[in-house]
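To start, the structure under review is shown below, and the notes come after it.
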Amino acid sequence: MIEKNDQLLQKYRSRVIRASFLKALCCGLIIGCAFLFVSATACWFAGITWGIWLSLGLCLAAVVISVPAFYFLKFKPTAKTIARRIDQLGLEERVLTMVELEKEDSYMAAKQREDTISALRSADHMLIRFVVTVAMLVSISVSGVLGVGMGTVSALYAGGFIPSGKE
């Protein structure tokens with residue numbers, strides 16, 4: 001019975017995992033753009049002509065390191081968090097109760113599982129959405145504009161179009 005429940009929940013689980021990964025990617029991009037801004041500023045003020053490549057490398061490394069870190073340490077969904085997200089579709093905590101009682105073999109637990117399975121078949125897994133908060137959008141925008149802008153300044157210095165920051 002547990003395997004049957006896992007197969008039924010798989011399509012919901014994949015949507016929640018995808019949303020969690022996208023949230024970790026957004027946080028990683030914020031960190032990467034912040035690294036780009038700081039390193040490009042430092043290289044421009046120090047007068048390092050190859051600083052744009054250093055800055056881009058640090059940005060890429062920060063994204064590659066921070067995305068898995070955010071996913072596994074903060075956003076990786078557990079069975080209970082997946083059940084809570086599914087219950088938000090109007091299932092009135094049926095899935096969470098089913099997950100909590102999955103090892104119980106009582107008559108009430110069996111009836112509750114049957115009720116949950118019938119309710120899950122009527123729910124649409126596509127209703128689980130990726131939610132972006134305003135704070136995350138503002139953070140991505142600000143760090144992106146600052147990072148790309150300072151990277152452009154560093155590249156213009158490397159091309160000889162503007163003087164270094166110390167001049």
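Numbers here are sequence positions counted from 1. Because only heavy atoms are used, hydrogens play no part in the values below, and waters and symmetry mates are left out as well, while side chains stay in.
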On a heavy-atom basis, which atom in [X] and which in [Y] lie closest, and how many Å separate them?
X: F70; Y: I31; value: CE1-CG1, 3.9 Å
X: G28; Y: S66; value: CA-OG, 3.2 Å
X: I30; Y: M136; value: CD1-O, 4.2 Å
X: G32; Y: A62; value: CA-CB, 4.0 Å

Pairwise side-chain contact, [X] with [Y], heavy-atom cut-off 4.5 Å (strictly under):
X: L36; Y: L56; value: yes
X: K74; Y: K23; value: no
X: V63; Y: F35; value: no
X: F75; Y: C27; value: yes

side-chain contact (heavy atoms from CB on, under 4.5 Å) for Y71 and I17? Distances and angles first, verdict last.
CA-CA 9 Å; Y71 179 76; I17 288 172; 3.5 Å; yes
Linking Ile, Leu, Val, Met, Phe, Trp and Tyr by side-chain heavy atoms under 4.5 Å, what else ends up with V148?
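Members alongside V148: none; it stands by itself.
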List, by chain and then residue number, the residues other than I65 in its hydrophobic cluster (Ile/Leu/Val/Met/Phe/Trp/Tyr, side-chain heavy atoms under 4.5 Å); write none if there are no others.
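Besides I65, the hydrophobic cluster comprises nothing; the residue is isolated.
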Ignoring hydrogens and angles, write down the donor-acceptor pairs under 3.5 Å from the side chains of residues 43-55, residues two or more places apart or on other chains.
residue: W44; atom: NE1; partner: P163; partner atom: O; Å: 3.1
residue: S55; atom: OG; partner: S39; partner atom: OG; Å: 3.2
residue: S55; atom: OG; partner: A40; partner atom: N; Å: 3.1
residue: S55; atom: OG; partner: G51; partner atom: O; Å: 2.9

Could you work out, with side-chain contact (heavy atoms from CB on, under 4.5 Å) as the rule, every residue matching L137, not counting sequence neighbours?
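Residues passing side-chain contact (heavy atoms from CB on, under 4.5 Å) with L137: V132.
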Residue pairs, two or more places apart or on separate chains, that pass side-chain hydrogen bond (donor to acceptor under 3.5 Å, both in side chains) and touch residues 140-161:
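Qualifying pairs: none.
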Distance from I162 atom CD1 to L156 atom CG, nearest 0.5 Å?
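Interatomic distance, I162 CD1 to L156 CG, rounded to 0.5 Å: 5.0 Å.
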Test of understanding: with side-chain hydrogen bond (donor to acceptor under 3.5 Å, both in side chains), list the residues that count as partners of T78, not counting sequence neighbours.
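Residues passing side-chain hydrogen bond (donor to acceptor under 3.5 Å, both in side chains) with T78: T81.
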